[in-house]
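Naming: A, B, ... by sequence-line order, numbering from 1 per chain.
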There are 2 protein chains.
Amino acid sequence: MADAIRVLLVDDHQVVRRGLRTFLEVQDDIEVVGEAGDGASGVARAEELRPDVILMDVKMPGSDGVEALRRLGELGNPARVLIVTSFTEQRTVVPALRAGAAGYVHKDIDPDALAGAIRSVHAGHVLLQPEVAGALLAQEAAPAQGSRAGSLTEREREVLALIARGRSNREIARALVLSEKTVKTHVSNILMKLDLADRTQAALWAVRHGISD
Amino acid sequence: MADAIRVLLVDDHQVVRRGLRTFLEVQDDIEVVGEAGDGASGVARAEELRPDVILMDVKMPGSDGVEALRRLGELGNPARVLIVTSFTEQRTVVPALRAGAAGYVHKDIDPDALAGAIRSVHAGHVLLQPEVAGALLAQEAAPAQGSRAGSLTEREREVLALIARGRSNREIARALVLSEKTVKTHVSNILMKLDLADRTQAALWAVRHGISD
DNA sequence: GCGCGTCTGGTCCCCGGGTCCTAGGCCCAC
DNA sequence: GTGGGCCTAGGACCCGGGGACCAGACGCGC
């Protein structure tokens, strides 16, 4: 095929590389152009082969996936990187995406879905699987009693948003044209309503619940 | 086609609905089964037609997209919702995804990419466009000097991770089996190294940079 | 050996954060 | 009119957070 999507496989297990290769060989618009067994040689092969898409494991001996992603970014390599991981390691999702990953898929993905993912990524999308997106957004989720954001008044939400930007009471007072004492009152009420101990917990609560604007 | 993907369009501008419809009519595996002009009637039509995928605008008069998403979730409607937005409104991304959106695409997407997005979403993926994913991750990004997380020592990262969980110095001391004073020293060093004013800012910095575990 | 960085801890001190109590003005619902 | 929220704000009070300064123990590299 003339304009097949050129794919590079980077994974430390050749079993996995072989599996991916056989998955993709039946797709007539996807061509596996190379393989690498660790991050560093993955970067080298990417520079050499200039693939459209790189399928890469996160956990690899030596230079790992995130490190390789950063290198590719520094080199200006235009390849789109799709992270293929053995299980949902939520700790690694954010760093990987931040380092420039174009997507994150689970290793037990079925062949057609994987092909679809490669096409999506090649088309310029960023792609996550549900569990991964869930992990990214849930973080800790609501510990028990669910979101009581509704119980906050408008003014309290304003104050909370500023707390979530790291502002002090004095700064909040200036920003909202209030006395510092009034801000303290609002903060106290927020902490009471949300059952939190201090402004740091309030700030974290806010970012998790999207009050941070 | 026997198992075409059944799509419902929800947007307050019929021009947009018409555009999407013509985009999708040339795809032989996608069938537009209905339209709605606002969130509430979108939910009603979704219940009635049971589409596989719903293309929905976020900003609509009356019941908006996020509200509609929530309703669908409550009703247990299995439709996958792809948010189609006129521009990258980063404020709305997180709430929409949290409310159960399966994806977020830009209105100037080209027909084939839109079809691809629908197929991805229908296949169970969560899909974002680059700018959207960028907005989600960047948030405020590094104000200037880039991530100096590397300058933190291992111990400092441990302490920072606990700060990012809303723990007090005393709790951190107990958790790490240290004196409260030592924790304070670490906190001071963290604030100095990252050029932050207090633990609240440190907690926010940590979650943005993935130190929060 | 010596220097350097890290981890540990101490003392002194100040201030910002947070609580408790109180209270006036405002608007809305009954 | 009366009660009940919300926003505003004051005073008194306590304490945890953070800075300044100092220092010993340990490990690593020159």
Side-chain angles (χ1 to χ4, degrees), chain A residues 62 143 145-209 211-213, chain B residues 143 145-213:
Chain A
Q145 45 284 75
S147 178
R148 350 174 194 41
S151 68
L152 294 184
T153 67
E154 190 53 40
R155 202 54 159 168
E156 285 162 355
R157 268 192 295 272
E158 282 186 83
V159 171
L160 180 53
L162 289 169
I163 290 176
R165 297 172 92 95
R167 303 282 190 274
S168 69
N169 287 339
R170 185 168 304 167
E171 290 169 326
I172 295 172
R174 269 200 280 269
L176 300 182
V177 195
L178 289 176
S179 95
E180 203 174 327
K181 190 56 202 64
T182 302
V183 176
K184 282 180 148 195
T185 305
H186 286 313
V187 172
S188 285
N189 290 333
I190 291 167
L191 296 181
M192 192 178 50
K193 286 185 179 180
L194 300 180
D195 192 28
L196 301 171
D198 53 48
R199 67 196 302 105
T200 303
Q201 291 185 1
L204 294 167
W205 190 96
V207 299
R208 300 215 194 295
H209 292 76
I211 312 290
S212 39
D213 261 296
Chain B
Q145 43 282 76
S147 179
R148 347 170 196 45
S151 68
L152 294 184
T153 66
E154 189 53 38
R155 203 52 161 168
E156 287 162 353
R157 268 193 295 273
E158 282 186 83
V159 171
L160 180 53
L162 289 169
I163 290 176
R165 297 172 92 94
R167 302 282 191 274
S168 69
N169 287 340
R170 184 167 303 165
E171 289 169 327
I172 295 173
R174 269 201 280 269
L176 300 182
V177 195
L178 290 174
S179 92
E180 203 174 326
K181 186 55 200 68
T182 302
V183 175
K184 283 178 142 194
T185 304
H186 286 314
V187 172
S188 285
N189 290 333
I190 291 167
L191 296 180
M192 193 176 49
K193 286 186 179 180
L194 300 180
D195 192 29
L196 301 172
D198 53 48
R199 66 197 301 106
T200 302
Q201 291 185 1
L204 294 167
W205 189 97
V207 299
R208 299 214 195 295
H209 292 75
I211 313 289
S212 39
D213 263 294

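Within the 4.5 Å cutoff, the side chain of B/R155 has heavy atoms near those of the B/L176 side chain.
Residue A/A164 comes nearest to B/L204 through the heavy atom pair O-CD1, 3.2 Å, listed as atom of the first residue, atom of the second, then distance. In terms of heavy-atom proximity, A/E156 sits nearest to A/N189 at OE2-CB, 3.5 Å. Of all heavy-atom pairs between B/I163 and B/A203, the closest is O-CB, 3.8 Å. Looking at every heavy atom in both residues, B/L191 comes nearest to B/R199 through CD2-N, 4.2 Å. Heavy atoms only, all atoms of each residue included: B/G166 and A/D198 are closest at O-OD2, 4.5 Å. Taking both residues in full, the closest heavy atoms of A/V159 and A/I172 are given as O-CD1, 4.1 Å, listed atom of the first, atom of the second, then distance.
Here the range on DNA chain D touched by chain A, meaning any atom under 4.0 Å from one of its heavy atoms, is D/dC6 to D/dG11.
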- [ ] Please step through side chain to side chain donor-acceptor pair (under 3.5 Å) for the pair B/T185 and B/K181, ending with a clear verdict.
- [x] CA-CA 6 Å; B/T185 304; B/K181 186 55 200 68; 2.9 Å; yes
TODO: List the steps, then state whether salt bridge (Lys or Arg N to Asp or Glu O under 4.0 Å) holds for A/R174 with A/E171.
DONE: CA-CA 5 Å; A/R174 269 200 280 269; A/E171 290 169 326; 6.0 Å; no
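Where the helix from C/dG1-D/dC30 to C/dG24-D/dC7 starts and where it ends, the local axes point in directions that differ by 40°; five pairs per end, rounded to 10°.
A/T182 comes within contact range of at least one nucleobase, with a heavy-atom separation under 4.0 Å.
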- [ ] Go along nucleotides 12-30 of chain C 5' to 3' and tag each nucleotide: B for a protein heavy atom under 4.0 Å from its base, S when only backbone or sugar atoms are that close, - otherwise.
- [x] ----SBBBB----------
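Put simply, CD on B/E154 is 12 Å from P on C/dT8, counting in whole angstrom units.
With hydrogens and angles ignored, the 3.5 Å screen pairs a side-chain donor or acceptor of B/R167 with a backbone N or O of B/R165.
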